[in-house]
2 protein chains.
Amino acid sequence: MQNSEAMALSAALLAAAGELTQRIHEGVVARGFEGVRPAHGFAFARLAPGGATVTELAAHLGVTKQAASQLVDDIVRRGYAERRAHPGDARARLVVLTERGWACTRAAEEAAAEVVREWSDLLGEGEVRALRDRLGRIAPYGPLRPAW
Amino acid sequence: MQNSEAMALSAALLAAAGELTQRIHEGVVARGFEGVRPAHGFAFARLAPGGATVTELAAHLGVTKQAASQLVDDIVRRGYAERRAHPGDARARLVVLTERGWACTRAAEEAAAEVVREWSDLLGEGEVRALRDRLGRIAPYGPLRPAW
DNA sequence: CCAGATGGTCAAGCAGCTTGACTATGTTCC
DNA sequence: GGAACATAGTCAAGCTGCTTGACCATCTGG
């Protein structure tokens, strides 16, 4: 594979990732959830199972815990999450999604599914599944960070 | 395709894009080009053929022309590009890569090829080519913006 | 040749992140 | 039990990359 081939793949990958992110964001806004940024989605994903501490969230997002704390301030202020006492550690606080936070998460899933459905129409469902499997093998532990 | 499947694909896509970007950046730094950010790479790609104006660059990157102008200030200060008089428009300035800018571009291509070679080892060259084609069909005009 | 469009820059402000310092609570080891 | 250190979280200050707004120089169309 020549260098220019590699750049073509890189461009295609970045373009697809950028478009997906943008369209999920638009879909979430269209469903009435304003003031959320794409980064919030990754926080929600980490909080969803059973909540998380600020430090866990920071590690998940790859930012400092101060940045994660600010992000939590933000989503708490907007009503998507709340801070509770941590059951086993009086220093920590457990951040959990509110019902509105869950609704927003579902909206993001719907928006993502909508985009992926378009891709399935273009490529066929099997191809899209193959795409997911290959991407998963390529970067099983890729960073949850901005693409640049 | 269920919503959770769509999220799995999204996560895989973002992870792959993030990892690729990060590793190209690391490769460029390892080749001795410091102070460059991933965003610079997309500027270089637009400047490479025969230069571009600040306004063209801004459109390419999807930012304001002020932001593009600052980015040009930056790469000029670091010796990667220079501003020349525009041949047919005295208002405009043509931004062109210097030899150092070309060297940095080649370094990025090498770094990208290195990563893609790893992927070829994992999936096979044909699979990687198929990946590129499918991504290209999915988002032929995707934004050159941060993934979030 | 003049009115408006366009290329570029200067200036100010903002959002999201960083580093550094600090308090409160947990943990380890004697 | 207690001293020493580690960890969770926050406050504060600062930086960077972007934005909006204003402006001048130059091009373009009637």
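Residue numbers start from 1 in every chain, and the chains themselves are labelled A, B, ... in the order their sequence lines are given, proteins ahead of strands.
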Engineer: Rounded to the nearest angstrom, tell me the gap between atom NZ in B/Lys65 and atom P in C/dT9.
Structural biologist: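 B/Lys65 atom NZ is separated from C/dT9 atom P by 10 Å.
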
Engineer: Measure the distance from NE2 on B/His86 to C1' on C/dT6 and round it to the nearest whole Å.
Structural biologist: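 Value for this atom pair: 12 Å.
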
Engineer: Quick one: closest heavy-atom pair of A/Cys104 and A/Val28, and the distance?
Structural biologist: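 Between these two residues, the closest heavy atoms are SG-CG1, 4.0 Å.
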
Engineer: To the nearest Å, give me how far apart CG (A/Leu94) and P (D/dA8) are.
Structural biologist: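 So the two atoms are 13 Å apart, to the nearest Å.
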
Engineer: What distance separates B/Glu118 CD from B/Leu122 CG, expressed to the nearest 0.5 Å?
Structural biologist: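 Answer rounded to 0.5 Å: 8.0 Å.
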
Engineer: Name every residue in residues 44-53 of chain B that has at least one heavy atom under 4.0 Å from any atom of DNA chain D, in order of residue number, or write none if there are no such residues.
Structural biologist: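 Of all residues in residues 44-53 of chain B, none places a heavy atom under 4.0 Å from DNA chain D.
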
Engineer: Using a heavy-atom cut-off of under 4.0 Å over every strand shown, decide if A/Ala67 touches base, sugar-phosphate, or nothing.
Structural biologist: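 Here A/Ala67 touches the bases of the nucleic acid.
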
Engineer: Whole angstroms only, please: what is the CZ-C1' distance between B/Arg77 and D/dG17?
Structural biologist: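 Taking CZ of B/Arg77 and C1' of D/dG17, I get 13 Å after rounding.
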
Engineer: Please report the distance, rounded to the nearest Å, between CD in B/Gln70 and C1' in D/dT16.
Structural biologist: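 My rounded result for the distance is 10 Å.
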
Engineer: Take the C1' atoms of the five end pairs on each side of the helix from C/dC1-D/dG30 to C/dC30-D/dG1, get both axes, and report the angle to 10 degrees.
Structural biologist: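 The helix from C/dC1-D/dG30 to C/dC30-D/dG1 shows an end-to-end axis angle of 30°.
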
Engineer: Given that A/Gln66 and A/Gly88 both sit by DNA chain C, which one's nearest nucleotide is further toward the 5' end?
Structural biologist: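 Going by which nucleotide is closer to the 5' end, it is A/Gln66.
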
Engineer: State, to 0.1 Å, how close A/Gly35 and A/Arg78 come at their nearest heavy-atom pair, and which atoms those are.
Structural biologist: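 Minimum heavy-atom contact is O-NE, 3.2 Å.
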
Engineer: Find the distance between OG1 (B/Thr21) and CZ (B/Arg23) and round it off to the nearest 0.5 Å.
Structural biologist: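 B/Thr21 atom OG1 to B/Arg23 atom CZ measures 12.0 Å (nearest 0.5 Å).
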
Engineer: Which heavy atom of A/Arg132 sits nearest a heavy atom of B/Ala12, and at what distance?
Structural biologist: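 Minimum heavy-atom contact is O-CB, 4.2 Å.
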
Engineer: Looking at B/Arg83, I'd like to know whether one of its side-chain N or O atoms comes within less than 4.0 Å of OP1 or OP2 on C/dT9.
Structural biologist: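 Yes, because at least one side-chain N or O of B/Arg83 sits under 4.0 Å from OP1 or OP2 of C/dT9.
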
Engineer: To the nearest Å, how far apart are A/Arg84 CZ and D/dG9 P?
Structural biologist: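 Atom-to-atom, A/Arg84 to D/dG9, this comes out as 16 Å.
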
Engineer: If I compare all heavy atoms of A/Ala112 with all of B/Met7, which pair ends up nearest, and what's the gap?
Structural biologist: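 That would be CB-SD, 3.7 Å.
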
Engineer: Got a salt bridge between A/Arg84 and A/Glu82, using NZ or NE/NH1/NH2 to carboxylate O under 4.0 Å?
Structural biologist: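 Yes, this pair counts.
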
Engineer: Whole-Å distance between D/dT19 C1' and B/Leu61 CG?
Structural biologist: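 To the nearest whole Å, that distance equals 15 Å.
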
Engineer: Quick one: is A/Arg93 getting a side-chain N or O under 4.0 Å of the D/dA8 phosphate, OP1 or OP2?
Structural biologist: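 Checking A/Arg93 against D/dA8: no side-chain N or O falls below 4.0 Å of OP1 or OP2.
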
Engineer: Under 4.0 angstrom, heavy atoms only, what part of the nucleic acid is A/Ser69 near: base, sugar-phosphate, or nothing?
Structural biologist: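 A/Ser69: backbone/sugar contact only, no base atoms under 4.0 Å.
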
Engineer: With respect to the side chain of B/Asp89, which nucleotide from C/dG8, D/dA8, C/dG7 is positioned closest?
Structural biologist: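 So the nucleotide nearest the side chain must be C/dG7.
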
Engineer: In this structure, are over 12 heavy atoms from other groups packed under 6.0 Å from A/Glu99 atom CD?
Structural biologist: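 For A/Glu99, atom CD is crowded (more than 12 foreign heavy atoms under 6.0 Å).
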
Engineer: Just to confirm, is there a sub-4.0 Å distance from OP1 or OP2 of D/dG9 to any side-chain nitrogen or oxygen of A/Thr55?
Structural biologist: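 Answer yes for this pair, as a side-chain N or O of A/Thr55 is under 4.0 Å from OP1 or OP2.
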
Engineer: Are A/Leu94 and A/Tyr80 connected into the same hydrophobic cluster when the rule is that any two of I, L, V, M, F, W, Y join if their side-chain heavy atoms are below 4.5 Å apart?
Structural biologist: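 No, no single cluster joins them.
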
Engineer: Mind calculating the distance between CG (A/Leu71) and C1' (D/dT10) to the nearest angstrom?
Structural biologist: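 So the two atoms are 15 Å apart, to the nearest Å.
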
Engineer: Could you give the distance from CZ (B/Arg137) to CG (A/Leu123), rounded to the nearest 0.5 Å?
Structural biologist: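 Rounded to the nearest 0.5 Å, the CZ-CG separation comes to 5.0 Å.
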
